[in-house]
S.K.: 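A single structure is presented below for examination.
Treat the numbers as computed from the prediction; the structure is a model and nothing was measured.
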Amino acid sequence: MRVVTTAQPLDVQPTPLALLLLGREADPKSERGVECPGDLPAPSDPDLVERARAAKEKLGDRVFVLGHHYQRDEVIEFADVTGDSFKLAQQAAARPDAEYIVFCGVHFMAESADILTTDDQQVILPDLAAGCSMADMATAEQVAECWDVLTEAGIADQVVPVSYMNSSADIKAFTGKHGGTICTSSNAKRALDWAFEQGEPGSAKVLFLPDQHLGRNTAVRDMGMSLDDCVVYNPHKPNGGLTADELRAAKMILWRGHCSVHGRFSLDSVNDVRARIPGVNVLVHPECKHEVVAAADHVGSTEYIIKALEAAPRGSKWAIGTELNLVRRLANRFAAEDKEIVFLDKTVCFCSTMNRIDLPHLVWTLESLASGKTVNRIEVDKETESFAKLALERMLALP
């Protein structure tokens with residue numbers, strides 16, 4: 001082994017950010033994954049715009065490009081349709097003649113598109129590193145272990161899993177296999193109503209995966225439950241950090257997961273923006289913490305947020321608690337109507353994994369496809385696809 005030593009210590013003073021990343025400092029008020037230093041990434045080389053346009057034109061109807069609302073403008077420019085994750089997966093399924101579905105989003109979204117499209121179509125993710133921290137907070141092994149804990153507590157037969165769309169194909173398959181359904185932020189209440197109707201009256205329970213905040217906000221804000229009806233299962237603790245009695249008493253068993261962007265908004269953010277902008281309307285996504293949702297004027301999905309701003313009167317003021325790319329796009333769109341739209345938090349914060357899909361990756365993808373080379377194809381195995389599709393179909397059948 002070669003050992004290198006230095007006679008003098010290095011005269012380097014680590015920055016606070018470096019210490020945080022090294023684990024030597026921490027923010028006790030934050031949740032894992034919500035730290036967001038820095039600014040938006042710089043725009044791509046303008047020359048890439050022409051290359052993307054030329055490659056897409058060469059592919060013609062063979063390619064269909066999907067752009068999630070949280071993507072940067074330079075990517076959205078080349079999207080054939082924009083929307084939230086489920087809308088985009090549906091749009092992909094509605095284009096059976098498109099040979100290639102290029103999904104400008106994150107990994108779980110591309111998986112959902114592959115599940116819902118035909119075997120002849122190829123779903124492409126421009127950067128395989130574009131994941132989702134929330135989806136990664138629940139693995140198949142962890143959820144299987146949780147089910148064992150519920151079985152040992154004698155309640156597994158009373159529990160119906162409800163998984164958020166923002167989950168991996170494995171978790172969707174687990175949900176389908178165990179009689180559960182998928183939900184979006186728009187239909188979470190309908191999904192929970194359905195789930196509680198599956199068991200004996202008064203005895204049914206829900207295991208909500210993987211976002212604790214959406215589950216809690218829906219149960220308490222929309223369904224009239226109390227916070228005491230909810231417990232949080234922590235997969236990193238023995239038995240989820242819960243006793244058998246706590247599990248038996250709970251109606252909602254919430255997985256300890258969260259969105260890295262929405263989790264950073266705080267009650268201080270709401271109070272600060274109200275002090276700075278008199279008469280402001282606070283509009284937040286239901287993935288935000290419960291105290292933020294409780295303090296907001298309006299709560300809803302990305303599609304709800306867009307429609308609310310479309311219907312808002314001229315001159316109204318809005319503070320939006322969701323991903324920065326969407327907020328900036330909406331602020332620019334409605335500036336002509338004198339609608340003041342600001343980001344809820346003072347600190348710039350975008351979805352770092354969503355922003356991995358940039359123009360260079362999109363150009364590489366489109367040019368590769370145009371030259372006959374398939375790259376970064378996302379494929380879900382048949383067994384997983386079968387059970388995941390079952391869970392998705394249950395959602396589509398909700399009243």
Side-chain angles (χ1 to χ4, degrees), residues 84-86 134 138 146 150 153 155-167 171-172 175-176 178-234 240 242 245-259 262-263 265 267 270 282-305 307-308 321-322 391-392 394-399:
D84 60 17
S85 58
F86 184 58
M134 179 201 294
C146 172
L150 300 180
I155 60 170
D157 59 346
Q158 300 169 247
V159 176
V160 177
V162 175
S163 291
Y164 191 21
M165 191 73 185
N166 299 26
S167 59
I171 301 307
K172 289 183 177 72
T175 304
H178 290 83
T181 186
I182 307 303
C183 76
T184 69
S185 53
S186 299
N187 69 6
K189 181 181 183 300
R190 276 185 289 157
L192 288 180
D193 284 336
W194 173 87
F196 281 111
E197 290 169 359
Q198 301 311 300
E200 294 294 325
S203 67
K205 303 174 185 295
V206 165
L207 171 63
F208 195 90
L209 298 150
D211 180 24
Q212 61 170 306
H213 300 307
L214 177 62
R216 182 183 295 107
N217 289 328
T218 306
V220 176
R221 182 178 180 271
D222 300 333
M223 301 178 69
M225 294 186 201
S226 72
L227 290 173
D228 291 338
D229 290 323
C230 307
V231 295
V232 177
Y233 183 96
N234 185 342
L242 298 167
D245 286 341
E246 286 173 323
L247 288 168
R248 293 185 194 112
K251 293 181 180 178
M252 291 285 293
I253 302 167
L254 307 170
W255 193 264
R256 191 177 183 273
H258 65 275
C259 169
H262 294 106
F265 298 115
L267 188 57
V270 177
V282 177
L283 170 55
V284 303
H285 195 281
E287 290 176 19
C288 292
K289 299 171 187 175
H290 181 67
E291 59 265 29
V292 174
V293 166
D297 300 301
H298 309 276
V299 182
S301 65
T302 51
E303 296 289 344
Y304 175 92
I305 290 171
K307 290 177 182 177
T322 193
L392 287 165
R394 289 194 185 114
M395 179 182 73
L396 292 172
L398 290 174

S.K.: Does Phe265 have any ring pair (Phe, Tyr, Trp, His ring centres under 6.0 Å) partners at least two apart in sequence or in another chain, and if so, which?
M.R.: Phe343

S.K.: Going by side chain to side chain contact (heavy atoms under 4.5 Å, CB included), name the residues that satisfy it together with Ala191, two or more places apart in sequence or in a different chain.
M.R.: Val162, Thr181, Cys183, Leu398

S.K.: With a 3.5 Å distance limit and no angle check, can you tell me whether Arg394 reaches the backbone of Ile182 through a side-chain donor-acceptor pair?
M.R.: no

S.K.: Just to verify, what does Asp245 make a side chain to side chain contact (heavy atoms under 4.5 Å, CB included) with, not counting sequence neighbours?
M.R.: Thr243, Arg248

S.K.: Less than 4.5 Å apart, side chain to side chain, heavy atoms only: is that true for Tyr304 and Leu283?
M.R.: yes

S.K.: For Asp193, give me all partners under salt bridge (charged side-chain N to carboxylate O under 4.0 Å, His left out), at least two apart in sequence or on another chain.
M.R.: Lys189

S.K.: Under 3.5 Å, which donor-acceptor pairs do the side chains of residues 290-298 form with other protein atoms, sequence neighbours left out?
M.R.:
{"residue": "His290", "atom": "ND1", "partner": "Asn217", "partner atom": "OD1", "Å": "3.1"}
{"residue": "Asp297", "atom": "OD1", "partner": "Arg274", "partner atom": "NH2", "Å": "3.4"}
{"residue": "Asp297", "atom": "OD2", "partner": "Arg274", "partner atom": "NH1", "Å": "3.1"}
{"residue": "Asp297", "atom": "OD2", "partner": "Arg274", "partner atom": "NH2", "Å": "3.3"}
{"residue": "Asp297", "atom": "OD2", "partner": "Val282", "partner atom": "N", "Å": "2.8"}

S.K.: Checking the side chain of Lys205 only, and the main-chain atoms of Val160 only, is there a donor and an acceptor separated by less than 3.5 Å?
M.R.: no

S.K.: Please find the pair of heavy atoms, one from Thr175 and one from Ser163, that lie closest to each other, and give the distance.
M.R.: OG1-OG, 2.6 Å

S.K.: For the NZ atom on Lys251, are there more than 12 heavy atoms of other groups (residues, nucleotides or ligands in this structure) within a distance under 6.0 Å?
M.R.: no

S.K.: Who passes ring pair (Phe, Tyr, Trp, His ring centres under 6.0 Å) against His178, sequence neighbours left out?
M.R.: Trp147, Phe174

S.K.: Who pairs with Thr184 by side-chain hydrogen bond (donor to acceptor under 3.5 Å, both in side chains), at least two apart in sequence or on another chain?
M.R.: Asn187

S.K.: Report the residues that fulfil side chain to side chain contact (heavy atoms under 4.5 Å, CB included) with Glu303, sequence neighbours left out, ordered by chain and then residue number.
M.R.: His69, Asp84, Lys87, Ser301

S.K.: Any donor and acceptor pair, going by atom type alone, linking the side chain of Gln158 with main-chain N or O of Ala204 inside 3.5 Å?
M.R.: no

S.K.: Which residues pass the side-chain hydrogen bond (donor to acceptor under 3.5 Å, both in side chains) test with Asp157, sequence neighbours left out?
M.R.: none

S.K.: Check ring pair (Phe, Tyr, Trp, His ring centres under 6.0 Å) between Tyr233 and all other residues, then give those that pass, not counting sequence neighbours.
M.R.: Trp255

